[in-house]
Amino acid sequence: MQIVQRTLRLVADFAFTLLVGTFIVFVSLYLAPGSPLATLSGGRALSPEAQAAIEARYGLDQPFVVQYLSWLGRALQGDFGDSIIYQAPVSSIITQGTKVSVPLVILALIIVAVFGISLGTLAGVRGAKTDVMVNSAFSAGLAIPAFVAAPILIAVFAVGLQWFPIIYPPGDASLGRLFLPAVAVSISLIAFVGRVTRANVRTAQHTESSDFARLRGLSPALILRRYIFRPSMLGLTTIVGLTIASLIGALIVVEVAFQLPGLGFFLISAVNGRDYALVQGITLMFFIFFLLLNTVIDLLYPLLDPRVAHRKAAIA
Amino acid sequence: MTIRKSLLSQPTVHRLAVGGVALAAVLGLSSCTSTPAPQETATRVSFSDLVNATPAGTADTDELNWSIVREPFSLDPMTAQTQAEAPAIANLCEGLVRLDEDLQVAPALAERFEHVSPTLWRFHLRNGVTFWDGSPVTATDVVASLTRSFTDPLSYWTSYFTSVTAVRAVDDRTVEIDLSQPDNLFLQELTTAGGDISSAAALAAAGEDYGSAASGVMCTGPYQFTSWARGESITLTGNPDYWGGAPLTDTVTLRWIADETTLTQALSSGQIDGSFATPFSGITSLASSGAGTITYGNSSVQLMLLPTEKRGPLADAMIRQAIFYATDREAISSTIMSGAAIPGASFIPPYWSTDVDAWSSAYEALDADTNLDKAKTLVAASTFPDGATIDVAIPSSESYVKVANAMAQMLEQAGITMNVKVLTSAENDALFFDVALRSSYDGFLSEPFTNVPNPLEQMLYVTPGNVYNYGLYENAQFTELFDQARTESDPARALELQLQAAEILNEDLPWVPILVEPVRLWQKNGVSGTSASFSGFMYAPWALLLGATDN
């Protein structure tokens, strides 16, 4: 019974957050200067009849609240409407964008995990010069957000050295194409994850359990693996959500810079074009994703760290 | 006409890197105390350099990548009037007539046409022409397409064809068009996308979706619509059965790269084979790269200062003239535009007519040199003798920011304070719609153009009540001359009337000319055969003769 109640409450929270979130996005876009008509006409004057016809076609002649409610009503039935600037169902554009954005996020996560954790562990374990060097690199990395990294990477590797092409075949989402964008979003996150890993490793090195393991004469490799690395990783789960959230934020900038037609690219086009339906559709996807991510992390954490579950039980 | 941040500003989503460069440029310019001194540039384009086409390709080629300024919203000819949509459709769909290399009206889907009476045109369709799906082109398709283009509320072309009263099929191969009065613009406007013929069946089947990425178009052009990868490219495939002969290139892929630096590099590295709007910022490096050639084409595009409805200093012709004389257009052209633009001298686009001789003499006779003393005198004689302050809106592009800042410094010396307001792309687009927003500024910088090489079109925009006449310009003498010139059936007399009307406009300057912007065509080495004129790349099948060259 308690589970049912908790689930219902979770779903209600979920729905309320979505409602508020989509409403805020809709209001913001509505209040911003510009209109989809202006974008569509591309600086050409339209006759009043043409304006009226376009407004009627996309429901722009309705009052603001009616527009929002009608979008909401259709969205609840799975119909996200039609994009004005792409003249296509929003769902088809989201599908297209997902095919690029999801592999990009996965690739970036792999890069962040591999480099962030290994460099962080290295700095934490080695100390001294290595630590100073790696830690300095982390500081530099943190200061290079994706919107700075992207044009620099393009300038150096695509334009200067020409190791990567500037244009790709339509629909290409190959590793070669996604590599530079993934690096661009990863740089500051590698530094972030690396720093947390380094701190965790250093803490874990001096816990009672690891000291005891050393006294027992266990091999350094085993101590590193079991008594330092493993507890350090547990601490990392707390920042997984934050990392993925930052990745998705950076995605928007990087996809635009690399002309990658993913969700971020379409979102920026939609915002610039005041394409309400497309903005709503994509942000709704992001909202749902973040909510699910947070929920999963909340549920997962007690499983990874039984102490949390115990604490919760004790409080209850 | 379209007024748009077109050639100067590569359409952007957000150009972060270029933003930095623009900022540096602003800081650099604003820290100067005097106007920028002309520098030696590799390029110094003049009217005598301008051409309408490059030599036809001589060999087949598999695929060419061609750059257009941004992703089109639609491929429907009915809404093709900007430098993104029009060139994308130009190889797909065609009309009864088109402009040839000399910018003269030539037969296309109509093998011949007759001006039966001053208000009646008759077109005879070419035999054996089929749409890509194999269905024959009939008068029914022509009537359906033109009626839609001339009257549909969603069409962008209705205001150009207001004199048309009926389009009717006489028989399967003959179409007649009735006009309410003689119209010296009509036949040329028919060469634009506004005169394109689509399959009536395809129009009916696709409905409002005609021209979308999913529906595409069904026309008769030398290339067929193949695919449209949203956000990336549009692929056109050569039509082997084209009535004018199969094109040399199998596949033309249209690309759009927002960032000027990246586009420049894509051009110099040969990944993109050509562009009609080579970035100003890349002209010098491309010219010296040896990777291709820049050809300058005849164009109607002018960078101009357009007054708005606001009744401020720009409503006074003397202030507009003072701005014209105080602006060192030569310096702006050579420094900011890398010498790839020509100092503007007249409201009417110069040399942009089929009567080049008459118009060029009139143009050469104009007093257009920068003259600060004259500017000061004009200000003193204006309704703002103690100096004027104007708020001018510009789009957020590197070149615009540089030009506006340079102008502000120049005008200051004549006693005119120009406050520059940089708008986001959404705000800038809204300028053309939102009267309240627009009239919160005295004027804005933009790049108006005419679709066809006919000065009447430029004049039309400043006639009373025209949607583009934002500054509410009105001069009864001009309006009368314009009306006569548009309907006069004697060509010599019509030309005379046009020249008289132009004289008034070049004096009043309803819009202040700053630069003439020739088409900046880039072709990679070993590629040739495209249109170089503005109307050519906008509305003629510019890739028909495009191919490889032997050398």
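Remember, predicted model here, so these are calculated numbers, not experimental data. Computed over heavy atoms, backbone and side chain alike; hydrogens, waters and symmetry mates excluded. Quick note on labels: first sequence line is chain A, next is B, and so on, each numbered from 1.
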For [X], which atoms come within 4.5 Å of any heavy atom of chain B: side chain, backbone, both, or neither?
X	result
A:I84	neither
A:Y168	backbone
A:I154	side chain

Contact origin within [X] toward chain A - heavy atom pairs under 4.5 Å:
X	value
B:N65	side chain
B:A266	both
B:R255	side chain
B:T262	both

Evaluate the side-chain contact (heavy atoms from CB on, under 4.5 Å) criterion for residues A:S92 and B:R230: first the C-alpha distance (whole Å), next the side-chain angles of each, then the deciding distance (0.1 Å), finally the verdict. CA-CA 11 Å; A:S92 78; B:R230 272 187 299 259; 3.3 Å; yes

Could you have a look at B:S215, B:A430, B:G231 and say which one has the most heavy-atom pairs with chain A under 4.5 angstrom? B:G231

What residue, out of B:E85, B:E427, B:Q265, has the most heavy-atom pairs lying under 4.5 Å from chain A? B:Q265

Counting C-beta onward and ignoring hydrogens, is there a side-chain heavy-atom pair between [X] and [Y] closer than 4.5 Å?
X	Y	result
B:E232	A:Q259	no
B:Q271	A:P165	yes
B:E208	A:Q87	no
A:I167	B:T253	no

Identify each donor-acceptor pair in which a side-chain atom of residues 247-258 of chain A lies under 3.5 Å from a protein atom, sequence neighbours left out, and give them as a table.
| from | atom 1 | to | atom 2 | distance (Å) |
| --- | --- | --- | --- | --- |
| A:E255 | OE1 | A:L263 | N | 3.3 |
| A:E255 | OE1 | A:G264 | N | 2.6 |
| A:E255 | OE1 | A:F265 | N | 2.9 |
| A:E255 | OE2 | A:S101 | OG | 2.7 |

Would you indicate whether A:F286, at its atom CZ, is surrounded by more than 12 heavy atoms from other residues, nucleotides or ligands within a distance under 6.0 Å? yes

Mark yes when over 12 heavy atoms from residues, nucleotides or ligands other than A:F179 sit less than 6.0 Å from its CZ; otherwise mark no. no

Do you know which of A:I54, A:D82, A:I85 has the most heavy-atom pairs with chain B at a distance under 4.5 angstrom? A:I85

